[in-house]
Structure formats: structure tokens, C-alpha cells
Amino acid sequence: MPPPKGLPAKGLPDAINAYRAGRYQDCVALLTPLLARTATDARLVLMAAQSHAKLGNSEQAAHFYAKAADLDPQNARMLRLLAARSYKRARRRAPALVLARQAARGGPFDIEAENTYRSLLREQLCLEECEAEDARLLGRMKAGEAAAFGVDDPHDHIMWCDDESLNARITRMHGGTAFTPQSRAARRTVPHAFAERIRIGYLSNDVCDQHATMRLFQGVLMAHDRERFDVTVFCYTDDDVLSADQGMRAQYGSIVPIRGLDDEAAAALIRSHGIDILVDLKGHTRGARVSLVNRGLAPIQVAYLGFPGCGTGIDCDYIVSDRIVTPDASKPYYHEKLCRLPHSYQANDGAHRALPPAASRDSLGLPADAFVIASFNAVRKISPRTARLWARVLAAIPESILWMMCDDPDAQANFCAFMATLGIGAERIHFARRADYPEHVARLQAADIALDTFPTNGHTTTSDKLWAGLPVITCKGRNFTSRVSESLLTALGLPDLVAENEDEVVERCAALANDRARLAEIRARIATNRSVAPLFDTLRFTRHLERAYEMMVERARKGLEPDHFDVPELPSPDGPFPAGRP
């Protein structure tokens, strides 16, 4: 690289050499005095951006990418997108959104720019803009534009679209490339000897007792019948997640680490265990190793728990579900065969979950005399539809407040501004931050009711609220992710909290606010059913899941292709089962 015009050459060759040699810290040190003297050459600024990006200095990288965009109009769109993504990694979402919006609107329709822009809109609760952009993308999808199906990540797509026929056509994938009919056929025809004990392999990067997935699933790992099942967890969990574990992980059984292995080596290691059924607990969620699954790790591969919908492009023979989240009408929209459990598809650890006494409203900064409506679902689940419905409920209950989890000041301000347009003042919205699980369960008990999100319901968050004794009001949905709360409420014996439509949601919330005796009866029913209804009966759930595995193997032993099936219900326990710890 020749010295930029007008720039002293002293120091620049050393910076270039340092960059080429991968000595990015040295490159930054050498560039700093040069940039102090002149910062108008795009190549120099871009080198600084790239060096900071390589060092993981996301905010500094974003600053220099944005500056390079101003200096290089020809590449400005791409550089602004890089700046936006770097700011997003640094959790500086507001400047990220400004740059992403510029990138998305800086030229013809661009998949990558649209992806980042739309994701940030949702994270920042720019709900009016979200609504317009969703309608715009939906129009492209309905017109059959192939590029439109590659914009949203599958997980982002189900945050706003509940059309199963469209959900099943999403083509964007992280962590690998899609399987093919040929690769699936090759996997299924590999010679395999089934053993007397069924060998189950669970694949996940969430193997920590403080992760939401394991808070649901760890009881199953500990309840598996080891005389009938040989269970191995193939773990690629990051160190920062592992460091949060408080000791339960040691009770999960055999854990084989694969995080440091590439796909080829990891696949060889997993295959060496002779796994009969590989269960992918990730699907289309963060950090998933799709290409590893698609290498073909077992004669039977199963999608479970991580992603609530069709795992487009992921080579799984079955998806574990139930008759509520996947009725018969859903079958055409899944390449997997439906393995439906008798009650809810969702595992729940009812033995090792914290159940502390309720926190006081005073300690939480909540008014003692208000009707408190809680939502602790992730911010990205708060769709425009959700906010409009919440506003209707708040308007129908004048003494109510909304208590929601959101710790980003910009997102808070955007949400309050949107609600103000619907007649709900900021004084009626109380924001909460994340908390450790026992503290979270304690504070949930201070609310009167919880409102769900749509179309993506609360999943772990709904079961957490029910575990805490908090009634959750939901509405019937049109796809897996929008039917989860109905599944959970039904399994806890509370189908009366499932409304047929949004008008009925408003009516039921208002009725409960005006009938405290009825509300107290529901809370008492939750407390009783916690230890007798199927939802938190970990042992019975595990036996149903094991029967599902046996039915899959029975078909495979006979040389039959995978097919839809429902697992028969086992007898109910004679009495209550243990429920939680203080």
C-alpha cells in the first residue's frame, strides 16, 4: 500500500507490515499518531477499523468504520453496515440502528443490510417502524421474492410472522449450510447396530444450570433410566456460560466436550460413541452448529426444545412437540415428522427449581394499591401487535400498571413514546432489570397477572411465571411459537386462561381485575397443580420422552422411514410429587 497522498510516510510502512503480520495491537499503536495528524484517508481509517475488529474492540471498530464510510462514498453502504454490526456487538444499539437504517436505505434491496436493520428495530422497540418494515417484507414474501426469505434469521422471523407456510420457507441459516436429500439419504443408509440400551446423544452449548434451557431440561437428564438408556451430552458451551454454573451440571451424567473441535473432528468423536438418536437442543438459536448436525451423526436425528418451529435446513427426522403446538394442520409445514408427547412438549425441572417466598412490592418499587400486570419476556418478543393489545388491557383497567423487563434506556423511551400514542402514559409503565433466578421467582409473585407476547409467546418465561404462581393470560395462536403458552397452561390444568382472540384477552383481564376472589382461586389452583399436574412432573415427562425414543428406534429397527406418531399417555402418579426448593 503506497502512503496516502499528503500523508507523511513515516510510520505507515510499519503499520502496514504489522497489520499483514497479524500484529493488530502494534498496528493500532502505530496508526494512532498518524490518525492524529490526518484522519481523512479512508484506507488508513479502514485499517484502524479492521485492526480494532480483529482485537475485539467493537466500539472502536464501529467508530472507524463509520468514519471510513463518510470518507469513501463508493463503499459507504457496506462500511456503515460493518459499523452498525460492530456497535451492536458493543451493545450500543442506538448508534447501531442509525447506521443500519442508513445502510438499508442506501441503495437497492440488500439482504444483509435489511437483516441488521430489522433486528435492531426490534431490540430498540421502534414499534411503529417495525410494523411498517414487517408489512413491507411480508409483501415481498407474498409476491414470492426469493431474497425476502433470506432476510430474517428463523428466530427473528417468528417474532412477527405466525404464518406457518411462510415460516417453513425461510432460507437464512447461521452455523452451517442446509442439508440435501442426498445427504439425508446417505446418513440414513450408513450401517448401524442398535444396542440393547438405546444410546442417546444430546447436543447443546447451553449446558449450565443457570441457562434457561437447562433450567427446563436438567431434571430429565437426571431422571433418565440408565438401565434402558445410555445418555451422553455433547457440549460446546462457552466458558463465560460455564462459569455461571452453580454445581448441578456435575449431576447431568456423561458430558463430552467438543467446543474445541472443528465439525469434522466433532462428528468423528460423536460417531465413535455409536449414538442411536442424536437430539439437537439448539435448532435455529444462537451458536447452533448446523453444519455439524448436517454431517450426519446418528441414524435417527431429533430436534427438541431449542427452536419452536420447523428447523428449515437442519437434518432432523423428528421434532418433539405436542398436539397443541403442532396440530394435524401443521404437518405440511414441517420436513421433520411430528413426535407428539401426551401433555406439553416442554420439559420442566420441578425438583431443583428455586421457589422462594414472595418479594414485597415496596422492595420492588411497585405501588401497593395498583393492579400489576407483568411481562418479563425478552424485548424482541414485544411486537407492535403485543404493545397495542397491552394498551387495550391497561385502558380497560384504569388502576393497572405494566411491569416489564427492559434495561435499555433508548428502548424504554421508544416503548413509552409508542404507548403514549395509544393513550397510555409513561407513569403507568414500570421497568425491571434482569435478576438471578431465585430473586426473579420471588419478584414475579408480587404481580397480579401476567400478559403474554404475540405471536411468539413466553416459553421458559411462561413456565417460570406459572412456577411462581402467577396467572398468565394468553391467546390461541397459529404456529408453534404462538401456541406454547396454551400448551403450558393446559398441562397445568388452566385452559380457562387461554382466550380465543384479543377481544377476549381484554375481557378476561378486566374481569379478573374486578373479581379478586376469582383471581385468588386461580392462584390457589396453580399452587395446588404445581405438584400434581403434568407440567412440572419431571419423572413422568421423562418416561414419555423415553417412550418416544423407543418408538423411533422400533421403526428404525424394522427398516421403516420416520413417520408422525403420538406417544401414549402413561398413568398419572398416585399422589403429589416434590416441587422445588426454597
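Residues take their numbers from the sequence shown, with the count starting at 1. All values below were derived from every heavy atom in this structure, side-chain atoms included, with hydrogens, water molecules and symmetry-related copies excluded.
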Flag the pair [X] / [Y] as yes when at least one side-chain heavy-atom distance between them is below 4.5 Å, and no otherwise.
X: T481; Y: F307; value: no
X: L512; Y: I522; value: yes
X: D496; Y: R525; value: yes
X: R93; Y: R91; value: yes
X: L305; Y: T213; value: yes
X: E399; Y: D369; value: no
X: I373; Y: W390; value: no
X: Y345; Y: I324; value: no

Output, in order, the C-alpha distance, side-chain angles, deciding distance and verdict of side chain to side chain donor-acceptor pair (under 3.5 Å) for T490 and R323.
CA-CA 11 Å; T490 304; R323 294 187 67 88; over 6 Å; no

Start with the C-alpha distance between E133 and R122, add both sets of side-chain angles, then the distance that settles salt bridge (Lys or Arg N to Asp or Glu O under 4.0 Å), and finish with yes or no.
CA-CA 11 Å; E133 291 304 319; R122 219 162 293 284; over 6 Å; no

Would you find more than 12 non-hydrogen atoms of other residues, nucleotides or ligands less than 6.0 Å from [X] atom [atom1]?
X: K331; atom1: NZ; value: yes
X: R286; atom1: CZ; value: no
X: D362; atom1: CG; value: no
X: E504; atom1: CD; value: yes
X: D436; atom1: CG; value: no

With rounding to the nearest 0.5 angstrom, report the [atom1] to [atom2] distance, [X] to [Y].
X: T462; Y: L488; atom1: OG1; atom2: CG; result: 6.0 Å
X: N414; Y: I382; atom1: CG; atom2: CD1; result: 12.0 Å
X: D238; Y: C208; atom1: CG; atom2: SG; result: 11.0 Å
X: L221; Y: M214; atom1: CG; atom2: CE; result: 5.5 Å
X: L389; Y: C475; atom1: CG; atom2: SG; result: 7.5 Å
X: N479; Y: N167; atom1: CG; atom2: CG; result: 5.0 Å

Side chains of [X] and [Y]: donor-acceptor distance under 3.5 Å anywhere?
X: Q346; Y: S487; answer: no
X: H174; Y: D153; answer: yes
X: S482; Y: D162; answer: no
X: T461; Y: D464; answer: no
X: H343; Y: D322; answer: no
X: R353; Y: T538; answer: no
X: T386; Y: S383; answer: yes
X: Q218; Y: D349; answer: yes

Donor-acceptor pair, distance only, cut-off 3.5 Å: does the side chain of [X] make one with the backbone of [Y]?
X: H284; Y: H155; answer: no
X: E336; Y: V302; answer: no
X: S375; Y: M404; answer: no
X: R92; Y: S86; answer: no
X: R508; Y: V498; answer: yes
X: T116; Y: R85; answer: no

Do we get R361 above W403's six-membered ring, with its NZ or CZ under 6.0 Å from the centre and within 45° of the axis?
no

Nearest heavy atoms of [X] and [Y], plus distance in Å:
X: F371; Y: A513; answer: CE1-CA, 3.5 Å
X: P534; Y: A491; answer: CD-O, 3.1 Å
X: T237; Y: S204; answer: OG1-O, 4.1 Å
X: V484; Y: N457; answer: N-OD1, 3.3 Å
X: M405; Y: V379; answer: O-CG2, 3.7 Å
X: F376; Y: K465; answer: N-NZ, 3.3 Å

Run through F565, Y304, Y334 and flag the one making a ring pair (Phe, Tyr, Trp, His ring centres under 6.0 Å) with Y318.
F565

Please report the C-alpha distance between H157 and L166 in whole Å, then the side-chain angles of each, then the deciding distance to 0.1 Å, and finally whether the side chain to side chain contact (heavy atoms under 4.5 Å, CB included) criterion is met.
CA-CA 9 Å; H157 182 65; L166 297 178; 4.2 Å; yes

Test R340 against D328 for salt bridge (Lys or Arg N to Asp or Glu O under 4.0 Å), laying out the working first.
CA-CA 10 Å; R340 299 190 296 200; D328 287 348; 2.9 Å; yes

Could you give me the CA-CA distance, side-chain angles and deciding distance for T460 and L216, then say whether side chain to side chain contact (heavy atoms under 4.5 Å, CB included) is met?
CA-CA 7 Å; T460 307; L216 298 176; 3.3 Å; yes

For residues 416-431, which residue pairs qualify under side-chain hydrogen bond (donor to acceptor under 3.5 Å, both in side chains), counting only residues two or more places apart or in two chains?
S400-R428

Inspect the contact between [Y] and [X] and indicate whether a charged nitrogen and a carboxylate oxygen are less than 4.0 angstrom apart.
X: E131; Y: R388; value: yes
X: E114; Y: R105; value: yes
X: E486; Y: K476; value: yes

Might you work through the side chain to side chain contact (heavy atoms under 4.5 Å, CB included) test for L99 and Q102, ending with a clear yes or no?
CA-CA 5 Å; L99 288 156; Q102 291 172 350; 3.8 Å; yes

Once ring-ring contact (aromatic ring centres under 6.0 Å, His included) is applied, what residue pairs with a partner in residues 494-540 remain, sequence neighbours excluded?
W467-F536

If you apply the rule side chain to side chain contact (heavy atoms under 4.5 Å, CB included), what do you find for F541 with N348, and how did you get there?
CA-CA 8 Å; F541 176 90; N348 273 282; over 6 Å; no

Start with the C-alpha gap between E569 and R540, add the side-chain angles, then the distance that decides, and say whether salt bridge (Lys or Arg N to Asp or Glu O under 4.0 Å) holds.
CA-CA 9 Å; E569 182 176 352; R540 191 176 180 211; 3.0 Å; yes

Which word best sums up how the rings of H440 and Y437 line up, parallel for under 30°, tilted for 30 to 60°, or perpendicular for over 60°?
tilted

